[in-house]
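This report concerns only the one structure given below.
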Amino acid sequence: MNIILMDHYAGSPAMGMEFRPYYMAREWVKQGHSVRIVGGDFSHLRIKNPKIKKDFTTQTIDGIKYTWLKTGEYEGNGVKRAESMLRYVGKLYTNAERIARAWRPDVVIASSTYPLETYAARKIAKCAGAKYIHEVHDMWPATLYEIGGMSKKHPFVVMMQAAENSAYKHCDAVVALLPYTKKYMVKHGLAPHKFNNIQNGVLSQEWADKQPLPSEHTELFEKLKDKFIVMYMGGHALSNALDILLDCAAQEKDKDIAFVLVGDGVEKSRLVKRKNDEKLDNVYFLPPVPKTMVPSLVEKADCSYMGALDSPLYRFGLCLNKMYDCMMAGKPIVCAINAPKTLVEQYDCGFMADPADVRTISDAVHMLKAMTAQERDAMGENGRKAVLENFTYEKLAQRFLDIMEKC
């Protein structure tokens, strides 16, 4: 098949997030399909953005054609980001007939954070006689008014809601990353039989060829080799609820427990200052590592921590990359997020805790520490087995292909 995957923020291992389009496309290419990812030349998620001089500049990365559109730089979530979205979608929509003739797709996948791509994807698919699949990463526009505080009557929200409803009504199939979204989507126009849930996962090859950690990281873990390490990795933002993890550290009396936070973000400097001001000698901060080093990083933990501030959006479930990484590493998870039944519960690979209650998080850490190494390994192995059976990109990509062929 000729597959077009439209994702404004698509990345690659060299460029940084988003990784999912790359992982899916690489597996499809391995099976003999032709895949073109269409992205914007700027994304706030990437470490490195492509430098292009004109629209529809194409490069090949690991057999995948990446075609870039000039969409403009922006910071934050203001007007410039909205303008970037409109440029991306507008250029695809106005060139839909030319794209359909030149690229001759069998399948068109709209896969950005926001739903506006539906109009361009549907027009290209119609011109080419192709199938149109709508992939949903984040729940826009619900995110805008439930988390962002925007009014449902705000023109931008109204525009996104119309696009979302149109996507559900006109697509041939939906692929949702979040597991508990079907009821919402049906309410907004999706025929129930069109719903599919394909979550994130891991790439087996990255775990087979794991890269060594930088010296700063290896030196700290050598220093902590006799400690029970509770590791957080990921963004340092308010939404990640890292203050409560520091609260746990502040009240922790067991000198053998260390809390290691790996990553970066707008809250990191404040959290480091808090550690210093409160003399939290059991808390350590490390810079983020490339994705290829994540397997080497996670294996240094005795357990991993995932937390988040309460949000109504978590009613749709969890699909956090770090969850699959920690499961694949065979490390038990302390999950302090209010969400419907998670993989942690489903596969018995850790403990759930109340995100607003220091005691329950601390109790979960202590229960894991009290286990024998064999008992912790067995709990962690539950997660690793679940990932290998259900959440490798080789298997996820095949499930996606099956949907393309059947819809």
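This chain uses plain numbering: 1 for the first residue, then up along the sequence.
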Under 3.5 Å, is there a donor on one side chain and an acceptor on the other for [X] and [Y]?
| X | Y | answer |
| --- | --- | --- |
| Lys91 | Thr71 | no |
| Glu164 | His134 | no |
| Asp247 | Gln251 | no |
| Lys322 | Tyr232 | yes |
| Tyr23 | Glu206 | yes |
| Arg20 | Ser111 | no |

Counting only heavy atoms not in [X] (residues, nucleotides, ligands), do more than 12 fall under 6.0 Å from its [atom1]?
| X | atom1 | answer |
| --- | --- | --- |
| Tyr93 | OH | no |
| Glu75 | CD | no |
| Lys80 | NZ | no |

TODO: Specify whether His236 and Phe285 have parallel, tilted or perpendicular ring planes, treating 30° as the upper limit for parallel and 60° as the lower limit for perpendicular.
DONE: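 If you compare the ring of His236 with that of Phe285, the planes turn out tilted.
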Open item on the list: Please verify the inter-ring angle class for Tyr184 with Tyr168; under 30° counts as parallel, over 60° as perpendicular, anything in between as tilted.
Closed with: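 If you compare the ring of Tyr184 with that of Tyr168, the planes turn out perpendicular.
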Open item on the list: Please find the pair of heavy atoms, one from Ser43 and one from Tyr74, that lie closest to each other, and give the distance.
Closed with: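 That would be CA-OH, 3.8 Å.
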Task: Nearest atoms (heavy-atom pairs only) where Asp254 meets Asp256 - done: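 Closest approach of Asp254 to Asp256, heavy atoms only: OD1-N, 2.8 Å.
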- [ ] Among residues two or more places apart or on two chains, list those pairs meeting side chain to side chain donor-acceptor pair (under 3.5 Å) that have a residue in residues 279-295.
- [x]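 Residue pairs with at least one partner in residues 279-295: there are none.
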TODO: Start with the C-alpha distance between Lys385 and Glu381, add both sets of side-chain angles, then the distance that settles salt bridge (charged side-chain N to carboxylate O under 4.0 Å, His left out), and finish with yes or no.
DONE: CA-CA 6 Å; Lys385 183 179 178 183; Glu381 181 61 22; over 6 Å; no
Task: Asp55/Arg87 ion pair, N-O < 4.0 Å - done: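 Here Asp55 does not pair with Arg87 in a salt bridge, since their nearest N and O are not under 4.0 Å apart.
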